[in-house]
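Here is the structure we will look at.
Bear in mind that the values here come from a model prediction, so they are computed numbers and not experimental data.
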Amino acid sequence: MTDQNKIREGVRLLLEGIGEDVGREGLKDTPDRIARMYEEIFGGMGEDAAEPLSRTFAAEDSGMVLEKDIVFHSMCEHHMLPFYGRAHVAYLPDGRVAGLSKLARTVEIYAKRLQIQERMTGQIADALMEHLQPKGVMVVLEAEHMCMTMRGIRKPGSRTVSVAARGVFQDNAALQEQFFHMLTLGE
């Protein structure tokens, strides 16, 4: 849970630090607005992926399950600027499956934290392996990072792609190829 008072005070100090008048009409309520916003965008801090992934259903002889184009928004821990994009999450069940919304919920839990994309990709894969106990998992995140587009190198439109493979996906080129082929279906 976020500490609203500390956030409000921190925002006041930040505004003063950049030379703003915290009493000016447009900024008077800004510390409170940001405190409420941070509670929302960092809501994954107190959540555990075990909760949504604990509800599974029997599914014998199930093939690969892929949920693609899961939109996410996160915050870079290095610059506290947003990065956003799409997650593609696949797993090969071993007798049990999760509801499809649970995959998106897992992405959301890890996105709503201060993050780096590479860690987030692995966290999603590891959570699925731990809680669904499938034969394997593959996760791909593709995202645009505001710390690269609005400051520093300033390259809007550039995307970073990260991949995590676990279980049977790690060394099975045919499964990886099937995953990437399924990503392009319908395009």
Side-chain angles (χ1 to χ4, degrees), residues 1-3 38-145 147 159-186:
M1 186 56 102
T2 59
D3 185 328
Y38 276 11
E39 186 163 22
E40 178 183 340
I41 65 175
F42 294 121
M45 296 289 293
E47 294 188 61
D48 186 348
E51 192 277 321
L53 294 174
S54 66
R55 294 183 215 110
T56 61
F57 309 95
E60 299 302 320
D61 300 321
S62 180
M64 185 187 308
V65 176
L66 169 64
E67 184 74 18
K68 65 182 188 175
D69 295 326
I70 302 167
V71 174
F72 69 88
H73 297 85
S74 193
M75 293 286 279
C76 165
E77 69 181 31
H78 299 138
H79 300 98
M80 291 188 70
L81 287 171
F83 68 95
Y84 55 91
R86 297 182 185 281
H88 314 291
V89 179
Y91 69 102
L92 195 57
D94 193 9
R96 301 207 55 86
V97 295
L100 294 178
S101 68
K102 306 311 181 200
L103 301 179
R105 184 74 188 112
T106 301
V107 170
E108 189 80 357
I109 286 170
Y110 291 108
K112 288 189 164 195
R113 301 174 179 194
L114 282 175
Q115 273 292 12
I116 61 170
Q117 180 176 335
E118 300 87 343
R119 179 189 318 120
M120 183 175 148
T121 308
Q123 286 174 327
I124 294 165
D126 292 341
L128 293 174
M129 285 300 290
E130 179 181 350
H131 301 294
L132 296 183
Q133 299 181 342
K135 296 174 185 171
V137 170
M138 190 139 173
V139 177
V140 172
L141 299 186
E142 49 184 305
E144 185 167 338
H145 293 250
C147 58
R159 294 184 321 200
T160 301
V161 178
S162 54
V163 179
R166 305 288 189 266
V168 295
F169 281 95
Q170 281 182 299
D171 299 315
N172 189 323
L175 270 178
Q176 292 176 13
E177 185 176 321
Q178 180 184 359
F179 170 85
F180 287 113
H181 175 72
M182 289 172 70
L183 281 182
T184 63
L185 291 176

Quiz prompt | From Ser62 atom OG to Phe57 atom CZ, the distance as rounded to the nearest 0.5 Å | solution = 13.0 Å
Quiz item: In Å, rounded to the nearest 0.5 Å, how long is the span from CD of Glu108 to OG of Ser101?
Solution: 12.0 Å
Self-check item: Close side-chain approach of His145 and Leu81, heavy atoms under 4.5 Å
Solution: no
Quiz item: Going by the angle between their ring planes, with limits at 30° and 60°, are Phe179 and Phe169 parallel, tilted or perpendicular?
Solution: perpendicular
Quiz item: Hey, what do you get for CG (Leu128) to NZ (Lys102), rounding to the nearest 0.5 Å?
Solution: 13.5 Å
Quiz item: Side chain of Lys68, backbone of Leu183: donor and acceptor closer than 3.5 Å?
Solution: yes
Quiz item: Closest heavy-atom contact between Arg166 and Ala125?
Solution: CG-CB, 3.8 Å
Quiz item: What are the two closest non-hydrogen atoms of Thr184 and His181, and how far apart are they?
Solution: OG1-O, 2.8 Å
Exercise. Examine distances only and state if a side-chain atom of Asp48 and a backbone atom of Glu51 form a donor-acceptor pair shorter than 3.5 Å.
Key: no
Quiz item: Can you find a pair of side-chain heavy atoms, one from Tyr91 and one from Met64, that are under 4.5 Å apart?
Solution: no
Self-check item: Steps toward side chain to side chain contact (heavy atoms under 4.5 Å, CB included) verdict (Thr56, Val97)
Solution: CA-CA 5 Å; Thr56 61; Val97 295; over 6 Å; no
Exercise. Nearest 0.5 Å please: distance from the CD atom of Glu144 over to the OG1 atom of Thr160.
Key: 9.0 Å
Self-check item: Atom of His131, atom of Ala50 and distance for their closest heavy-atom approach
Solution: CE1-CB, 3.3 Å
Quiz prompt | Any side-chain heavy-atom pair of Asp94 and Gln133 under 4.5 Å | solution = no
Quiz item: So do Met120 and Val107 actually touch side chain to side chain, heavy atoms under 4.5 Å?
Solution: yes
Exercise. Taking the side chain as every heavy atom from C-beta outward, state whether Val140 and Phe180 have any pair of such atoms under 4.5 Å apart.
Key: yes
Quiz prompt | Non-hydrogen atoms of Met138 and Val163 that approach each other most closely | solution = CE-CG1, 3.9 Å
Quiz prompt | Distance (rounded to the nearest 0.5 Å) between Gln178 CD and Asn172 CG | solution = 9.0 Å
Quiz item: Is there a side chain to side chain contact (heavy atoms under 4.5 Å, CB included) between Phe72 and Tyr110 once you walk through the steps?
Solution: CA-CA 10 Å; Phe72 69 88; Tyr110 291 108; over 6 Å; no
Quiz item: Are the charged groups of Arg159 and Glu142 less than 4.0 angstrom apart, N to O?
Solution: yes
Self-check item: Modelled atom types, side-chain donor and acceptor of Ser162 and Gln117, under 3.5 Å
Solution: yes
Quiz item: Charged N to carboxylate O under 4.0 angstrom, Glu77 versus Arg119?
Solution: yes
Practice problem: Answer whether the closest heavy-atom distance between the side chains of Leu141 and Arg86 falls below 4.5 Å. | Solution: no
Quiz prompt | Check: Gln115/Gln123 side-chain N/O donor and acceptor closer than 3.5 Å | solution = yes
Quiz item: Does the side chain to side chain contact (heavy atoms under 4.5 Å, CB included) test come out yes or no for Lys112 and Met45, once each step is laid out?
Solution: CA-CA 7 Å; Lys112 288 189 164 195; Met45 296 289 293; over 6 Å; no
Quiz item: Between Ala165 and Gln170, what is the shortest heavy-atom contact and its length?
Solution: O-CG, 3.1 Å
Quiz item: Would you say the side chain of Ile116 lies within less than 4.5 Å of the side chain of Cys76, judging by non-hydrogen atoms?
Solution: no
Exercise. Decide yes or no for Leu103 and Ile124: does some side-chain heavy atom of the first lie under 4.5 Å from some side-chain heavy atom of the second?
Key: no
Exercise. Applying side chain to side chain contact (heavy atoms under 4.5 Å, CB included), run through Met75 and Ile41 and close with a yes or a no.
Key: CA-CA 8 Å; Met75 293 286 279; Ile41 65 175; 4.1 Å; yes
Quiz item: What is the minimum heavy-atom distance between Ala127 and Ala49, and which atoms define it?
Solution: CB-CB, 3.9 Å
